Amino acid sequence: MVKAVVGANWGDEGKGKITDMLAKEADIVIRFQGGANAGHTIVNNYGKFALHTLPSGVFYGHVTNVIGNGVALNIPLLFKEIKELIDKNVPMPKIMISDRAQIVMPYHILLDACEEERLGGKSFGSTKSGIAPFYSDKFAKIGFQVSELFDDALLTEKAARVCEMKNVLLEHFYHREPLQAKDVLATLHEYRDMVAPYVGDVSDFLDQAIRDGKNILLEGQLGTLKDPDHGIYPMVTSSSTLAAYGAIGAGLAPYEIRKIYAVTKAYSSAVGAGAFVSEIFGEEADELRRRGGDGGEYGATTGRPRRMGWYDCVASRYGCRLQGATDVVLTVLDVLGYLDEIPVCTGYEIDGKVTQQFPVTAKLEKAKPVLETLPGWKCEIRGIRKYEELPENCRKYIEFIEEKLGYPITMVSNGPGREDIIYRESKLSLKNK
Ligand code: GDP
């Protein structure tokens with residue numbers, strides 16, 4: 001059975017923890033998109049880890065961790081991450097890298113940084129990990145696929161061709177030193193030697209695993225609203241963040257994905273620029289940021305303070321719909337225990353009209369939040385394991401959100417640890433059966 005864990009919002013919804021939990025039951029965990037530009041935070045018996053490239057199954061000896069073809073593979077960072085695990089006494093994980101994955105090159109990172117610098121205040125908030133230049137090259141058909149590392153004649157010819165193109169930009173647009181084909185080639189050789197033991201035909205491996213009845217988990221990065229097609233374009237990432245893309249980015253049949261866990265946080269946060277309708281500011285935002293997540297809402301990869309907001313039912317309903325949620329996981333609910341009242345965004349007012357539909361970016365920029373206020377529960381809910389034991393106002397908050405989403409909330413996360421989870425029967429999932 002294939003399951004996917006994906007974000008219903010802007011990312012940082014706490015997917016890492018949910019994947020880590022579900023990975024326990026999985027035989028294979030797969031990253032199918034994105035690169036080292038975002039990260040999951042996982043807290044377990046070994047300590048606290050920020051994973052950027054490695055799949056979240058790396059803490060379980062029985063899991064094969066797969067880097068799918070859809071990923072932007074940064075090879076030095078992958079190995080740096082493996083070393084960090086080993087240094088903290090995690091046993092060497094089982095890893096498989098798709099022979100069809102493509103490689104983030106140092107010049108992708110350089111070009112990303114040059115472009116951010118050039119754009120200045122008008123930048124897209126790139127993490128300068130080279131992701132956008134990487135995917136541009138993939139679709140311009142000048143990327144390096146892992147399989148190509150083993151064909152020296154091809155590498156030599158292509159390295160020269162790529163340098164010719166990149167150097168036009170570097171020398172004449174960004175006024176930087178040109179690339180040397182021999183250096184690019186040396187880097188590719190180094191990468192080849194690093195990945196060689198792990199490379200395989202992932203799609204074939206998964207086909208066999210499905211036939212053998214294995215449990216497979218697809219692990220998404222970021223969330224619906226950062227999808228290049230369905231998100232807040234152009235303030236989006238460069239690969240699809242949707243569960244549907246799991247089929248493509250891993251190489252399996254779309255109908256094999258049976259369970260889609262859309263993860264949504266009990267309040268909103270976002271990084272980078274772009275419209276964020278339910279955003280809050282000042283002391284109200286600072287307090288939520290300080291209390292948020294596990295030790296504050298700061299980027300797992302960049303350390304940047306995240307923008308904060310109230311829960312946005314419009315964006316999240318859209319987020320769950322595009323993911324095709326079979327299950328919604330509501331996370332970080334424990335953080336809201338300090339509030340007397342909790343505002344929730346239930347509509348967008350655009351040009352004087354209220355809508356529940358998530359609009360295209362130009363309209364989104366004009367949207368004002370319609371807020372409804374729910375009473376807070378004013379207590380600590382960490383440690384509670386049964387839904388009925390949650391304070392009444394807390395259950396009302398969950399049920400209010402579920403009704404607005406129209407998708408079943410079957411798990412509620414009330415702390416960063418693996419055990420901090422409440423399973424819940426939802427009327428909506430009963431209806432869907
Ligand atoms: P991801 O990219 O979606 O995995 O999100 P992050 O790495 O930003 O995770 C969000 C943060 O919240 C991490 O520090 C998690 O340890 C933490 N976290 C996850 N679930 C919960 C929860 O239910 N309560 C609290 N307080 N923290 C959580």
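In listed order, ligands and their atoms are each counted from 1. None of the values given here were measured: they were computed from a predicted structure.
If you check the side chains of Gln33 and Thr241, you find no donor sitting under 3.5 Å from an acceptor. With hydrogens and angles left out, the side-chain atoms of Tyr267 and Glu297 include a donor and acceptor closer than 3.5 Å.
Taking every non-hydrogen atom of Glu13 and a distance limit under 4.0 Å, the qualifying atoms of ligand 1 come out as 3 (O), 5 (O). Within ligand 1, counting atoms from 1 as listed, the ones closer than 4.0 Å to a heavy atom of Ser413 are 20 (N), 21 (C), 22 (C), 23 (O). In summary, the atoms of ligand 1 found under 4.0 Å from a heavy atom of Arg382, numbered by their order in the structure, are 26 (N). Listed by number with element, the atoms of ligand 1 under 4.0 Å from a non-hydrogen atom of Lys17 are 20 (N). Atoms of ligand 1 found under 4.0 Å from any heavy atom of Gly293 (numbered from 1 in listed order, with element): 12 (O), 25 (C), 26 (N), 27 (N). Shown in contact with Arg306 at under 4.0 Å from a heavy atom are these atoms of ligand 1, numbered in order with element: 8 (O). Atoms of ligand 1 found under 4.0 Å from any heavy atom of Asp294, numbered from 1 in the order shown, are 12 (O), 14 (O), 16 (O), 17 (C), 27 (N). Residue Asn414 has at least one heavy-atom neighbour below 4.0 Å for each of these atoms of ligand 1: 23 (O).
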Point to revise | Audit row: Tyr135, Thr237, side-chain hydrogen bond (donor to acceptor under 3.5 Å, both in side chains) steps and yes/no | key: CA-CA 10 Å; Tyr135 280 108; Thr237 193; over 6 Å; no
Exercise for review: Test side-chain hydrogen bond (donor to acceptor under 3.5 Å, both in side chains) on Thr64 and Asp27 and set out the steps.
Suggested key: CA-CA 6 Å; Thr64 303; Asp27 300 295; over 6 Å; no
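Under 4.0 Å from ligand 1, heavy atoms of Asp12 appear from its side chain as well as its backbone.
Of the polar atoms of Lys15, at least one N or O is found under 3.5 Å from an N or O of ligand 1, judged by distance alone. Not one N or O of Val335 is nearer than 3.5 Å to an N or O of ligand 1, by distance alone. Taking only nitrogen or oxygen atoms, main chain and side chain alike, Lys48 does not reach within less than 3.5 Å of ligand 1. Close N/O approach between Leu333 and ligand 1 is not found [any backbone or side-chain N/O within under 3.5 Å]. Considering backbone and side-chain atoms alike, Val332 places an N or O below 3.5 Å from some N or O of ligand 1.
Because its NZ or CZ atom is both nearer than 6.0 Å to the ring centre of Phe49 and within 45° of the ring axis, Lys88 counts as a cation-pi partner of that residue. A cation-pi arrangement is absent between Arg317 and Tyr407 under the rule of less than 6.0 angstrom and at most 45 degrees off the ring axis. In this structure, Arg307 fails the cation-pi test against Phe276, since its NZ or CZ atom is not both closer than 6.0 Å to the six-membered ring centre and inside 45 degrees of the ring normal.
Not a single side chain to side chain donor-acceptor pair (under 3.5 Å) links Asp193 to another residue, sequence neighbours left out.
Remark: aromatic rings of Phe144 and Tyr191 are distant, center separation not under 6.0 Å.
Side chain of Asp312 to main chain of Val314: a donor-acceptor pair is present (N/O by atom type, distance under 3.5 Å, no hydrogens or angles).
Comparing Gly292, Gly417, Ser56, Pro416 by heavy-atom distance to atom 18 (N) of ligand 1, the nearest is Pro416.
Contact annotation: Gly7 has no heavy atom less than 4.0 Å from any atom of ligand 1.
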